[in-house]
Amino acid sequence: MHTTATHCPYCALQCGMNLRPAAGEAGESAVEVVEREDFPVNRGALCGKGRTAPALLSSRVRLTEPLIRTHATGTLEPATWEEALDAIAEGLGRTRRAHGPDAVGVFGGGGLTNEKAYALGKFARVALGTSQIDYNGRFCMSSAAAAHQRAFGLDRGLPFPLEDIPRTGCVILVGSNLAETMPPALRYLTELKENGGTLIVIDPRRTRTAAQADLHLAPRPGTDLALALGLLHLVVAEGHTDEAFIAERTTGWEEARAAAMAHWPELVERITGVPVPRLREAVSMFCTPSSAMVLTARGPEQQAKGTDTVSAWINLCLATGRAGRPHSGYGCLTGQGNGQGGREHGQKADQLPGYRKLTDPAARAHVAAVWGVDPDSLPGPGRSAYELLDALGGDVRALLLMGSNPVVSAPHASRIEDRIRSLEFLAVADVVLSETAALADVVLPVTQWAEETGTTTNLEGRVLLRRQALTPPPGVRSDLHVLHGLAARLGIDKGFPEDPEEVFAELRRASAGGPADYSGISYRAIEEHQGVFWPCPEDTPGPGTRRLFLDRFATDDGRARFIPVAHRESAELPDADYPVLLTTGRVVSQYQSGAQTRRVPELNAAAPEAFVEIHPRLADRIGAVEGAPLAVTSRRGRAVAPARITDTIRPDTVFMPFHWPGEGRANTLTNPALDPVSRMPEFKTCAVRVEPADAAAGS
Ligand SMILES: Nc1nc2c(c(=O)[nH]1)N[C@H]1C(S)=C(S)[C@@H](COP(=O)(O)OP(=O)(O)OC[C@H]3O[C@@H](n4cnc5c(=O)[nH]c(N)nc54)[C@H](O)[C@@H]3O)O[C@H]1N2
Ligand SMILES: Nc1nc2c(c(=O)[nH]1)N[C@H]1C(S)=C(S)[C@@H](COP(=O)(O)OP(=O)(O)OC[C@H]3O[C@@H](n4cnc5c(=O)[nH]c(N)nc54)[C@H](O)[C@@H]3O)O[C@H]1N2
Ligand code: SF4
Ligand SMILES: [Mo]
């Protein structure tokens with residue numbers, strides 16, 4: 001039977017899978033997933049989300065026709081595509097005419113293919129002329145991206161393929177729960193240990209991932225910066241620095257060294273709660289073998305000091321010569337399906353395609369020439385994601401949203417929900433009626449992964465081809481069709497093609513010569529090489545650049561830059577009113593805001609609702625009972641979810657997954673304090689009060 005080789009619609013591992021026609025009932029998906037063993041990243045393995053992804057193609061849960069809010073009843077009613085696109089062009093156009101182009105905002109997502117992300121950025125700058133565009137990737141890897149840029153002059157999450165992990169001597173995994181967030185990738189850590197390498201996991205919770213570690217450090221949330229500095233202090237004190245590497249391949253060591261030396265192990269123990277002997281053990285495990293890696297994920301990054309924290313981890317790698325060498329280095333585990341590509345081609349507030357800077361005159365000239373517009377007509381950088389959402393209903397009066405569900409996923413979500421409700425006009429393109437789409441004036445039902453072709457760039461920087469396997473239902477159109485149709489209605493009849501390969505051809509030209517150079521990549525080459533690693537310039541087509549920085553870093557002088565950083569506290573610390581720390585994250589069976597996975601019966605049965613993970617000692621103190629509702633209150637609001645009592649978490653910390661709306665919405669509580677460099681919100685640390693919900697009812 002005919003099968004189509006493609007990739008999972010969810011996370012950044014972008015597991016390969018085959019789809020084949022299935023005999024289902026009317027309204028059910030017409031394809032099923034079968035193993036695709038030839039794809040090297042996952043070698044056939046899939047998590048439950050990937051395996052069940054076709055369930056979302058079923059017309060029982062998805063949107064199948066456009067919806068327009070009627071004035072008379074205030075409800076969303078079916079409409080034709082012509083009517084819906086007319087209404088959006090009219091809504092956005094009216095706001096622009098009355099209040100100027102920056103009164104119209106655009107919000108994108110790291111799940112969008114490269115073609116869509118590119119077209120959306122171009123649509124904002126060329127068709128709308130607005131600077132007010134950003135996307136949910138700001139909530140995801142922006143701190144690691146900023147730290148990458150300042151140290152190495154380039155941001156590709158992993159500068160090496162995953163297959164290098166089992167070949168290194170030691171991996172420090174900081175704030176990643178890979179066993180739940182990228183299950184097939186756990187194999188790389190198992191192979192590392194089989195090969196005699198060691199694994200250190202840093203997480204305030206003893207997660208399924210931490211359970212695999214040779215050494216698990218459980219710091220107080222929000223203290224990874226001090227922890228990394230303490231390790232660097234010990235590296236220096238114990239003579240583990242690589243002086244030749246520092247002299248030949250880096251700059252700025254003296255200042256960074258001085259900053260680290262102020263962080264005595266005893267001080268670091270006091271800040272983090274990690275005992276000094278454990279710090280020494282970690283240093284010994286990291287420095288003894290001839291190669292080692294540090295990998296970070298959202299734990300240390302989603303902090304108001306995430307950028308400095310990642311810089312501290314990079315400093316540790318540079319000081320020990322564990323960067324720019326085989327099987328060594330720093331990497332960030334990017335999260336969303338196209339989290340990497342989505343941050344390269346222009347949906348970010350300060351960016352043009354090819355990872356170019358919007359403020360760079362040469363970049364503006366290059367991209368404007370590809371777009372056939374005057375460079376001076378391109379707007380400047382806009383606001384970051386939270387700042388943009390926070391400005392809705394203020395000077396940003398209308399919004400086009402594609403690929404995100406901020407009512408559930410934005411920090412201080414009750415405020416953001418209010419801001420969204422106060423918009424004069426909201427248009428949402430989605431595959432389901434998400435909590436945010438439900439607030440829109442116009443909702444457009446769009447095609448999904450298996451129904452369209454496009455490229456994504458996985459966490460290794462490997463550009464992949466997702467191929468269409470089946471015909472979409474009649475009422476559904478692609479995101480590219482949406483942008484094409486809206487541009488035409490705004491008076492631009494060229495430059496927004498609907499054919500993804502045509503968009504990719506233009507993306508290649510726009511990215512040519514930029515840091516993320518895709519000009520040598522074609523759909524054919526991707527298929528031939530099982531993905532192409534960027535940069536891949538036109539004059540050297542082929543499999544691309546698997547490993548970066550082995551000869552030089554991407555800075556002007558080719559040297560990596562140490563950044564001097566010092567510990568600082570989280571934006572909010574526990575006090576008498578809010579004595580407990582809340583941290584947030586994920587469970588294996590739900591994805592992000594849950595808009596998609598909550599609609600897949602098998603996944604929803606496995607993880608039906610939010611919960612509060614709490615240590616038995618804290619549970620005893622407040623009278624929490626397993627399974628009974630707990631009220632969690634922060635300065636921003638109150639959430640209620642059942643208690644899950646477990647000694648795998650620190651007694652001073654509770655944990656909530658963020659996949660649910662309503663009462664259990666973790667983001668009602670989270671603090672939108674922003675990192676000064678990356679503008680990343682502090683999703684992973686805020687102060688809360690925790691009590692049985694019945695006791696809290698009156699307070
Ligand atoms: N099942 C599932 N998989 C996913 C996703 C999903 O929603 N569901 N989303 C995808 C996306 S977009 C992303 S970004 C990735 C995220 O992947 P991960 O980063 O692995 O996911 P999280 O659960 O957010 O956070 C990881 C760990 O950080 C820990 N942590 C919390 N606070 C701190 C801290 O202060 N310091 C340290 N060191 N650790 C801390 C948490 O306890 C948690 O175990 O997952 C991707 N994969
Ligand atoms: N408290 C807390 N909050 C967090 C985090 C955390 O760790 N803690 N993590 C943050 C992180 S890392 C992330 S990445 C964000 C993610 O949070 P969101 O941005 O809300 O991500 P999703 O739930 O994936 O939303 C994607 C939406 O787009 C739709 N969609 C999927 N594919 C397409 C497509 O091709 N086109 C269109 N038009 N729509 C599509 C989906 O149905 C869904 O409604 O959440 C952030 N929020
Ligand atoms: S690990 Fe990620 S890419 Fe792989 S099947 Fe699961 S959700 Fe899909
Ligand atoms: Mo993410």
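Only heavy atoms go into these numbers, but all of them, side chains included; no hydrogens, no water, no symmetry mates. Every number for a ligand or one of its atoms is a count from 1 in the order of the listing.
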Considering only the protein, which heavy-atom contact is closest to atom 36 (N) of ligand 1, and what is its distance? Asp224 OD1, 2.7 Å
Nearest protein heavy atom with distance in Å, relative to atom 10 (C) of ligand 1: Gly335 O, 3.5 Å
Donor-acceptor contacts under 3.5 Å from residues 133-142 side chains, at least two apart:
residue, atom, partner, partner atom, Å
Asp134, OD1, Arg138, NH2, 3.0
Asp134, OD1, Ala349, N, 2.7
Asp134, OD2, Arg138, NE, 2.8
Asp134, OD2, Arg138, NH2, 3.4
Asp134, OD2, Ala385, N, 2.7
Asn136, OD1, Gly110, N, 2.8
Asn136, OD1, Gln336, NE2, 2.8
Asn136, ND2, Gln336, OE1, 3.0
Arg138, NH1, Ser678, O, 3.1
Ser142, OG, Arg138, O, 2.8

Who's closest to atom 34 (C) of ligand 1 heavy-atom-wise, of Gly585, Pro657, Gly299? Gly299
Mode of Lys49 contact toward ligand 1 - side chain, backbone, both, neither (heavy atoms, under 4.0 Å): side chain
Ser434 versus ligand 2: do any nitrogen or oxygen atoms come within less than 3.5 Å of each other? no
Would Gly403 count as a contact residue for ligand 2, given that I'm defining contact as a non-hydrogen atom of the residue lying under 4.0 Å from a ligand atom? yes
Distance criterion under 2.8 Å: protein N/O/S atoms around atom 4 (Fe) of ligand 3: 1
Taking heavy atoms and a distance under 4.0 Å, where does Cys140 meet ligand 2: side chain, backbone, both or neither? both
Ser414 OG to Asn667 CG distance, which is reported to the nearest 0.5 Å: 9.5 Å
Considering only non-hydrogen protein atoms, determine which one is nearest to atom 35 (O) of ligand 2 and report residue, atom name and distance to 0.1 Å. Lys116 NZ, 2.9 Å
So is Lys684 touching ligand 2 or not, going by heavy atoms under 4.0 Å? yes
For Val408, is the nearest heavy atom under 4.0 Å from an atom of ligand 2? no
Among all the protein's non-hydrogen atoms, which is closest to atom 47 (N) of ligand 1, and how far away is it? Thr181 O, 2.8 Å
Numbering the atoms of ligand 2 from 1, which are under 4.0 Å from a heavy atom of Gln302? 5 (C), 6 (C), 7 (O), 9 (N), 10 (C), 11 (C), 12 (S)
Looking at ligand 1, does Val587 have a heavy atom less than 4.0 Å from it? yes
Looking only at protein heavy atoms, what sits closest to atom 16 (C) of ligand 2 is Gln592 NE2, 3.4 Å
Specify the protein heavy atom at minimum distance from atom 9 (N) of ligand 1: its residue, its atom name, and the distance to 0.1 Å. Arg586 NE, 2.9 Å
When you measure from the heavy atoms of Thr685 to every atom of ligand 1, does any distance fall below 4.0 Å? no
With a 4.0 Å cut-off on heavy atoms, is Arg220 in contact with ligand 1? no
Nearest protein heavy atom with distance in Å, relative to atom 32 (N) of ligand 1: Thr583 OG1, 2.9 Å
Which residue owns the protein heavy atom closest to atom 27 (C) of ligand 1, what's the atom, and how far is it? Asp203 OD2, 3.3 Å
Which residue and atom name correspond to the protein heavy atom nearest atom 26 (C) of ligand 1, and how close is it? Gly175 O, 3.2 Å
So, using side-chain hydrogen bond (donor to acceptor under 3.5 Å, both in side chains) as the criterion, who are the partners of Asn177 when residues are at least two apart? Thr209
Among all protein heavy atoms, pick the one closest to atom 20 (O) of ligand 2 and tell me residue, atom and distance. Ser409 OG, 2.7 Å
Going by heavy atoms, is Gln303 under 4.0 Å from ligand 1? yes
What pairs meet the salt bridge (charged side-chain N to carboxylate O under 4.0 Å, His left out) rule with one or both residues in residues 582-594, with sequence neighbours excluded? none
the protein heavy atom lying closest to atom 8 (N) of ligand 1 turns out to be Gln590 O, 2.7 Å
May I ask you to check whether Pro204 has an N/O atom sitting below 3.5 Å from an N/O atom of ligand 1? no
Mind running ring pair (Phe, Tyr, Trp, His ring centres under 6.0 Å) on Tyr330 and His148 for me, showing each step along the way? CA-CA 9 Å; Tyr330 164 76; His148 256 122; 5.2 Å; yes
So do the side chains of Val612 and Phe655 get within less than 4.5 Å of each other, counting heavy atoms only? no
Below 4.0 Å from ligand 1: does a non-hydrogen atom of Glu301 turn up there or not? no
Between Arg156 and Glu344, is the salt bridge (Lys or Arg N to Asp or Glu O under 4.0 Å) condition met? List the steps. CA-CA 10 Å; Arg156 198 183 88 186; Glu344 299 166 358; over 6 Å; no
